[in-house]
Amino acid sequence: MFYLSRIEHTFRVPPSLLNLPIEEAIKGELEKLFLDKVIADLGLCVSVYDIKSIEGGFIFPSDGAATYTVVFRLIMFRPFVGEIIAAKVKESNATGLRLSIGFFDDIYIPAHLFPKPSSFKPDPNKKDKGTWEWEYDEEPYIIDGIDEIKFRVHNVSYPPIPIEQPKEAKPFAPMVITFLCMSSSVSLLHMLGPKGSIDEDGLGPVSWWVDAEETKES
Amino acid sequence: MDPICGKFYALKPKSETERQRLKERETEKRKQRAKGRRRLRERERYLFSQTQKQIDFGGSREVFSASPAALQGMKILEANAGALTNYEVVDFLRSKGAANDSTRVLAQVSPSEYKVYDYLVQTAACNQTREHINDFIDKCKIYGLAKAEVLNIINIRPTSIIDIYTIIEEGETRFGDETRFGEVSKELAELVEKTLPPPPTDPESEAGINEGKEETENEEHNVETKGEEQTKAGNDDGREETVVGELMDTS
C-alpha cells in the first residue's frame with residue numbers, strides 16, 4: 001500500500017524561516033508543498049520520510065529567499081493491482097459502490113465488477129442511493145454499510161486535470177482506484193482440503209464469509 | 001556592420017576561426033531566446049486558463065501541479081525506493097509523535113497524517129513489532145511466496161483459509177493440486193495466527209474478529225475483552241507443539 005519515493009526538488013525557502021535550523025525549515029516547506037497531494041503515477045503523498053541531502057542555498061538577485069536543491073524521500077500511498085484492502089462503504093448508487101479509507105475517498109467499484117449475479121435494489125426513500133445484493137444459493141447477501149469490506153485493487157488511474165469543467169460534473173478526483181468486489185470466476189466452487197470447503201474468494205464484507213463458515217461447521 | 005545582428009565590430013580583420021566562433025555564439029543566443037519565448041507563451045496560456053475557469057476539486061484532493069512555478073525543478077529520482085508494510089508506516093508516524101490520546105494538538109503530525117494513522121491503527125498493523133514481522137518472513141520462506149503476497153499477508157493478517165486463498169495467486173498450480181494447496185493454506189493460516197499479533201479489539205470490528213476467533217479450534221469460549229488476548233497467548237503455547245509437529249510431518 002505504501003511505497004517510498006526518492007525525489008529531488010529545487011525550491012525557495014521564504015526568508016521568514018531564516019531563524020529556524022535549516023532542516024526544520026526545509027522539512028516544513030516540503031510538507032506544505034507535498035503533503036496530502038497527488039503526484040501523477042506516484043500516488044498520494046502521506047508524509048516526508050527523510051531528507052537525504054541539501055545543496056545550494058543561493059540567493060538569486062532581486063529575491064530575498066534562498067533556493068535549495070533537496071533530495072528527499074516521501075511515503076506515497078499507491079496500492080498495487082491485486083492488493084487487498086479493507087475499506088468502508090461511503091456511498092452506494094446505481095452505477096456502483098464508493099468506498100473510503102479515511103484518508104482517501106475516491107475508491108469506486110463499478111457495477112460490472114460485482115460478483116455475479118448481483119442486483120441493485122433502489123431505496124424507496126432516496127432516488128439515487130440503494131443497496132447492492134448478491135444472490136448465492138438463492139440467498140441474498142446484502143452489502144450494508146455496517147462492516148468493513150475487503151476488496152482487491154483492479155486499477156489505479158490518474159485522470160489528467162481538466163482545463164474546462166462543465167458545471168454539473170462530479171468533483172474532480174486526481175487519483176481513482178477501482179476495485180473488484182469478488183472474483184467472478186465460477187470455477188472456484190470447489191471443495192478444498194479435508195475439513196473445510198471454500199466456495200469463492202473471500203472478498204466482500206467480512207460477515208459474509210464468517211457466517212458461511214459457521215454454517216458449514218455446524 | 002555585421003548583417004546578422006546589426007552590431008558594429010572592430011575594424012580589425014578577423015580570422016576564420018574567430019568568425020566561426022562568433023557565428024556559433026549568435027545562433028546559440030537566438031535559440032535560447034526562442035526557447036524562452038516559447039516557455040513564456042505556454043506558461044501564460046496555462047495561467048490564463050486557470051484564472052478563467054474555476055476547477056472544482058470538491059474539497060477532496062488538491063493536485064500537486066496547481067502552480068507551474070512549484071512544479072518546475074522537481075525531478076523524480078526513484079519512483080519506487082522500497083515497499084513499506086503498514087507496520088513501518090505506523091512506526092514512523094508514532095516516532096513523529098502520533099498517538100491515540102489528546103496530545104494530538106501538540107505533536108508535529110499534520111491532520112492528514114493523522115487520518116492515515118487512524119486508519120492504520122484499526123488494522124492488524126497496530127500491534128505488530130519488527131520481531132514479529134522478521135519471524136514471520138523467516139518462517140514462510142519455505143513456501144516460496146511472492147514479495148507482494150507476503151506484504152499482503154503481513155498487512156491483512158488472514159486467519160482463515162479463505163483469506164489466504166484470496167491472497168495467493170494460482171495456488172492450485174503452484175502447490176501441485178487442490179488438496180495440497182488446502183493443506184498449505186491451513187498451515188499458513190496457523191503460522192500467521194502464531195507469529196503475528198491479533199488486531200486490536202474495537203467495538204466496531206469486534207463482531208468480525210471474534211467470529212473469526214471462534215473458527216480456530218481452541219477459542220470457542222472467548223468473549224470480547226482484552227483479557228482474552230492473554231488467555232489466547234496461553235492457548236497458543238499449548239498449540240505450538242502440535243503446529244510444530246504438523247510442520248515436521250509434512251516436511
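So you know, we letter chains A, B, ... as the sequences are listed, proteins then strands, and number each from 1. On a predicted model such as this, the values are computed, not experimentally measured, just so you know.
Among the candidates B/Ile156, B/Thr85, B/Asn86, B/Leu77, the residue making the largest number of heavy-atom pairs closer than 4.5 Å to chain A is B/Leu77. Considering only heavy-atom pairs separated by less than 4.5 Å from chain B, the leading option among A/Phe2, A/Tyr49, A/Phe11 is A/Phe2. Heavy-atom pairs under 4.5 Å with chain B were tallied for A/Leu74, A/Val70, A/Thr69, A/Val46; the largest tally goes to A/Val46.
Residue B/Ile76 touches chain A through both its backbone and its side chain, counting heavy-atom pairs closer than 4.5 Å. Using a 4.5 Å cut-off between heavy atoms, B/Ile153 makes no contact with chain A at all.
To the nearest 0.5 Å, atoms CG (A/Leu4) and CD (B/Glu78) are separated by 9.5 Å. B/Met74 contributes atom CE, which lies 4.5 Å from atom CD1 of A/Ile39 (distance to the nearest 0.5 angstrom). Rounding to the nearest 0.5 Å gives a distance of 8.5 Å between CG of B/Leu151 and CE of A/Met1. Rounding to the nearest 0.5 angstrom, the gap separating the CG atom in B/Asp118 from the CD1 atom in A/Ile101 is 13.0 Å. We find the OG-NZ distance between B/Ser110 and A/Lys32 to be 13.5 Å, quoted to the nearest 0.5 Å. Rounded to the nearest 0.5 Å, atoms CZ (A/Phe77) and CG (B/Leu84) are 13.0 Å apart.
Here the closest heavy-atom approach between residue A/Ser47 and residue B/Phe92 is recorded as OG-CE2, 3.1 Å. Closest heavy-atom contact between A/Ser5 and B/Ala79: OG-O, 2.5 Å.
Counting heavy atoms from C-beta on, the side chains of B/Asn80 and A/Phe80 never come closer than 4.5 Å.
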